[in-house]
Engineer: 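Pasting a structure here, questions to come.
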Amino acid sequence: PLVLEAEVLLRKSLEHQTAILRGHTHSAMVSITDKDKSRIYSIGADGYLCVWDISSGALLHRVSTLYKIDAAGVSICISPDGTTLATATNNEVRFWNTRTYEPIGFSLVHSTYITQVIYSTDGRFVFTALADGYIYIWSTDGKFIGKIKDNDNLDSWTVQWMSCSENRLFAATWE
């Protein structure tokens, strides 16, 4: 049945170039766009990675990450060259080819929830922030490089945000 209020809201959102994207069966937990703003990537609580075309709103791909997502650990990022997508769900980072949306053959498994995953600006490293306050450093072929914790005097803190600019890592935390 036609719901007049819903139609009015939809038309208003289209006027502002916004849209409702359907593809997840549960809440979308996190989403990003690619560099050229042609695609939106999201991970939902249903455990699916969805990819949409921004101009048409069409769902291009819906791929299972193999995990139901816990709100405590979910993140997504794209490599600087745009060829690889990294998804962090719960305590594992998986990598995906952005042309085929097939998983790349290795994952990064951690002992606790991952709060964020990002690439270095040159694309040579992947940083994972964990709920226990550590930041892990990995090569993009999955080799563990090391881990850091900014202040070992704190018993418990969590990295809430990371950013990489000119290959300098910035992190914000809370206790």
Side-chain angles (χ1 to χ4, degrees), residues 9-69 71 73-90 92-108 110 113-130 135-143 145 159-172:
L9 289 173
L10 184 56
R11 289 184 188 280
K12 188 177 280 190
S13 72
L14 292 174
E15 288 171 8
H16 297 292
Q17 295 185 337
T18 60
I20 298 169
L21 302 175
R22 302 228 183 264
H24 291 293
T25 59
H26 292 79
S27 301
M29 304 295 286
V30 64
S31 64
I32 59 170
T33 60
D34 58 2
K35 281 185 178 182
D36 63 1
K37 307 285 189 243
S38 65
R39 297 205 168 140
I40 296 173
Y41 301 90
S42 69
I43 301 174
D46 57 4
Y48 281 87
L49 165 66
C50 289
V51 183
W52 287 276
D53 177 78
I54 287 179
S55 62
S56 69
L59 179 64
L60 302 175
H61 298 281
R62 186 172 184 266
V63 181
S64 173
T65 63
L66 304 179
Y67 299 101
K68 292 285 183 186
I69 307 303
V74 62
S75 181
I76 188 170
C77 69
I78 299 175
S79 63
D81 65 6
T83 62
T84 306
L85 189 70
T87 60
T89 53
N90 302 329
E92 183 175 3
V93 175
R94 295 187 72 197
F95 296 91
W96 308 84
N97 180 306
T98 58
R99 289 183 185 86
T100 65
Y101 303 102
E102 293 292 323
I104 294 173
F106 65 92
S107 61
L108 309 176
H110 299 72
Y113 285 112
I114 301 164
T115 59
Q116 191 175 5
V117 60
I118 64 169
Y119 279 92
S120 62
T121 50
D122 63 5
R124 294 177 44 218
F125 302 100
V126 173
F127 302 99
T128 53
L130 304 184
I135 297 172
Y136 282 60
I137 306 162
W138 306 85
S139 65
T140 52
D141 61 357
K143 292 185 179 82
I145 305 294
V159 177
Q160 288 299 107
W161 169 85
M162 282 191 308
S163 178
C164 198
S165 177
E166 298 177 8
N167 282 330
R168 292 184 176 178
L169 181 66
F170 301 92

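Residue numbers count from 1 along this sequence.
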Engineer: For His61 and Leu59, work out which heavy atoms get closest and say how close.
Structural biologist: O-CD1, 3.5 Å

Engineer: Any side-chain heavy atom of Val63 within less than 4.5 Å of one from Tyr48?
Structural biologist: no

Engineer: To the nearest 0.5 Å, what is the distance between CD1 (Ile135) and OG1 (Thr128)?
Structural biologist: 8.5 Å

Engineer: Hydrogens and angles aside, do Trp96 and Thr87 bring a side-chain donor and acceptor to less than 3.5 Å of each other?
Structural biologist: yes

Engineer: For a quick test of reading the model, state the closest non-hydrogen atom pair linking Ile137 to Phe125 and the distance between them.
Structural biologist: CG2-CD2, 4.2 Å

Engineer: In Å, rounded to the nearest 0.5 Å, how long is the span from CD1 of Ile43 to OG of Ser75?
Structural biologist: 7.5 Å

Engineer: Do you know the tightest heavy-atom contact between Thr83 and Ser79?
Structural biologist: N-OG, 3.3 Å

Engineer: Would you give the length of the straight line joining atom OH of Tyr41 to atom CG of Leu60, rounded to the nearest 0.5 angstrom?
Structural biologist: 8.5 Å

Engineer: Keeping Thr98 on the side-chain end and Leu85 on the backbone end, is there a donor-acceptor pair under 3.5 Å?
Structural biologist: no

Engineer: Does Asp34 use its side chain to pair, donor to acceptor, with the backbone of Arg39 at less than 3.5 Å?
Structural biologist: yes

Engineer: Are side-chain heavy atoms of Thr84 and Ile104 found at a separation under 4.5 Å?
Structural biologist: yes

Engineer: As a quick check of understanding, evaluate side-chain contact (heavy atoms from CB on, under 4.5 Å) for Ser42 and Trp52, giving each step before the final call.
Structural biologist: CA-CA 9 Å; Ser42 69; Trp52 287 276; 2.9 Å; yes

Engineer: Enter the distance from Arg124:CZ to Asp122:CG here, rounded to the nearest 0.5 Å.
Structural biologist: 5.0 Å

Engineer: For a quick check under 3.5 Å, do Glu92 and Ser107 share a side-chain donor-acceptor pair by atom type?
Structural biologist: yes

Engineer: Ignoring hydrogens and geometry, is there a side-chain-to-backbone donor-acceptor pair from Lys35 to Pro80 under 3.5 Å?
Structural biologist: yes

Engineer: Going through the checks in order, is the side-chain contact (heavy atoms from CB on, under 4.5 Å) test met by Thr140 and Tyr119?
Structural biologist: CA-CA 9 Å; Thr140 52; Tyr119 279 92; 4.0 Å; yes

Engineer: Testing the basics here: between Ile76 and Leu49, what is the closest heavy-atom pair and its distance to 0.1 Å?
Structural biologist: CD1-CD1, 3.8 Å

Engineer: Of the non-hydrogen atoms in Ile54 and Thr33, which two are nearest, and what is the gap between them?
Structural biologist: CD1-CG2, 3.9 Å

Engineer: If only atom types and distance count, is the side chain of Ser139 paired as donor or acceptor with the main-chain N or O of Lys143 below 3.5 Å?
Structural biologist: yes

Engineer: Would you confirm whether His110, through its side chain, and Leu108, through its main-chain N or O, come within 3.5 Å as a donor-acceptor pair?
Structural biologist: yes

Engineer: Hey, what do you get for CZ (Phe95) to SG (Cys77), rounding to the nearest 0.5 Å?
Structural biologist: 7.5 Å

